Amino acid sequence: MSELTLLLIRLAFLAVLWFFVIAAVGVIRTDLFGSRTAPAGARKAAKPAKPVAKPKSKKGEPRQLIVTGGPLQGTTIDLTETPITIGRANDATLVVTDDYASSRHARLFPQDGQWIVEDLGSTNGTYLDRSKVTRPTPVPLGVPIRVGKTVIELRK
């Protein structure tokens with residue numbers, strides 16, 4: 001091989017190596033500080049929210065989210081129409097102090113009369129019963145959802 005070919009291969013390897021380092025730093029930054037948001041000046045002013053009457057829950061629908069395992073065992077969250085976020089971030093609805101949970105690990109939200117669990121790109125995954133959640137999945141009553149060492153269930 002000529003000197004020029006070797007030099008080009010070395011430069012390409014160095015570029016790929018730096019790309020990997022920058023990508024790894026970006027992933028770590030996102031996990032520690034969350035995703036980027038637009039600056040305050042770039043955000044559109046939101047209209048004030050109108051108070052919404054709490055709909056009566058139908059028979060058989062879950063009313064509470066209960067932590068059944070992990071450090072927060074016994075914690076109860078009443079279910080409303082607002083999504084529930086789970087993770088280590090301080091702004092999460094259920095803040096878990098678990099090394100196996102991501103900052104924004106999972107989300108539970110109501111849709112068409114049922115609750116859906118969605119993994120938010122966590123490192124260690126979210127499990128519904130023993131199956132890994134790879135797409136938004138309906139959650140039946142009493143089926144455990146595992147986020148790191150924390151186990152939660154929907155109950156009446």
Side-chain angles (χ1 to χ4, degrees), residues 10-44 46 49 52 54-55 57-156:
R10 287 179 185 157
L11 288 175
F13 177 73
L14 190 61
V16 169
L17 183 65
W18 274 106
F19 176 75
F20 175 75
V21 168
I22 291 169
V25 168
V27 167
I28 291 170
R29 187 196 88 43
T30 301
D31 195 38
L32 290 176
F33 303 113
S35 58
R36 294 181 183 172
T37 58
R43 293 185 194 140
K44 294 181 181 179
V52 178
K54 185 177 177 182
S57 60
K58 297 176 185 172
K59 190 175 183 179
E61 282 188 8
R63 295 185 184 135
Q64 293 181 328
L65 175 77
I66 298 177
V67 180
T68 58
L72 297 174
Q73 187 171 357
T75 304
T76 303
I77 298 174
D78 291 326
L79 298 176
T80 60
E81 290 298 312
T82 58
I84 296 171
T85 55
I86 304 164
R88 290 191 331 237
N90 290 332
D91 62 345
T93 310
L94 182 62
V95 179
V96 292
T97 54
D98 186 349
D99 292 337
Y100 297 103
S102 299
S103 297
R104 284 164 184 76
H105 195 101
R107 176 174 81 121
L108 278 163
F109 60 95
Q111 182 179 22
D112 299 329
Q114 59 186 349
W115 283 83
I116 309 292
V117 64
E118 175 182 29
D119 185 80
L120 299 176
S122 65
T123 305
N124 294 315
T126 302
Y127 291 86
L128 179 62
D129 202 10
R130 292 183 180 157
S131 303
K132 188 170 186 176
V133 175
T134 56
R135 57 185 170 75
T137 308
V139 181
L141 278 172
V143 175
I145 302 167
R146 188 169 54 85
V147 173
K149 295 178 182 176
T150 303
V151 181
I152 57 177
E153 290 181 11
L154 295 177
R155 301 251 177 103
K156 289 184 187 180

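Worth saying up front: this structure is predicted, and the values here are computed from it rather than measured.
When all heavy atoms of Glu153 and Pro144 are compared, the closest pair comes out as CG-CA, 3.8 Å. Ala101 and Arg88 make their closest contact through O-NH1, 2.5 Å (heavy atoms, listed as atom of the first residue, atom of the second, distance). Considering every non-hydrogen atom in both Leu72 and Thr75, the closest pair reads O-OG1, 2.6 Å. Residues Glu81 and Pro110 come closest through the heavy atom pair O-CG, 3.5 Å. In this structure, Pro62 and Trp115 approach most closely via the heavy-atom pair CG-CD1, 3.5 Å.
The CD1 atom of Ile145 sits 5.0 Å away from atom CG of Leu154, with the distance rounded to the nearest 0.5 Å. Rounded to the nearest 0.5 Å, atoms CG (Asn124) and CG (Asp98) are 8.5 Å apart. For the atom pair Ile116 CD1 and Gln111 CD, the distance stands at 5.0 Å (nearest 0.5 Å). A distance of 9.5 Å separates CG in Asn90 from OG in Ser103, rounded to the nearest 0.5 Å. Residue Leu94 holds its CG atom at 8.0 Å from CD1 of Ile84, rounded to the nearest 0.5 Å. Atom OG1 of Thr126 is separated from atom CG of Leu120 by 7.5 Å, given to the nearest 0.5 angstrom.
More than 12 heavy atoms of other residues, nucleotides or ligands sit less than 6.0 Å from atom OH of Tyr127.
Remark: side-chain polar atoms of Gln73 are not paired, donor with acceptor, to backbone N or O of Val67 under 3.5 angstrom. Although no hydrogens or angles enter the test, the distance criterion places no donor-acceptor pair under 3.5 Å between the side chain of His105 and the main chain of Gly121. Formation of a donor-acceptor pair under 3.5 Å by the Thr150 side chain with backbone atoms of Gly70 is not found in this model. Looking at Thr85, its side chain does come within 3.5 Å of a backbone N or O of Thr93 through a donor-acceptor pair.
For the pair Asp78/Gln64, a side-chain contact is recorded, criterion being any heavy-atom separation below 4.5 Å from C-beta on. Looking at Ile152 and Ile77, their side chains never come closer than 4.5 Å, going by heavy atoms from C-beta outward. Taking the side chain as every heavy atom from C-beta outward, Lys149 and Val96 never approach each other to under 4.5 Å.
Contacts classified as salt bridge (charged side-chain N to carboxylate O under 4.0 Å, His left out) and involving residues 116-139 (residues at least two apart or in different chains) are given here: Arg107-Glu118.
Partners of Asp99 under the salt bridge (charged side-chain N to carboxylate O under 4.0 Å, His left out) rule, at least two apart in sequence or in another chain, do not exist in this structure.
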- [ ] Could you give me the CA-CA distance, side-chain angles and deciding distance for Lys156 and Leu141, then say whether side chain to side chain contact (heavy atoms under 4.5 Å, CB included) is met?
- [x] CA-CA 8 Å; Lys156 289 184 187 180; Leu141 278 172; 3.6 Å; yes
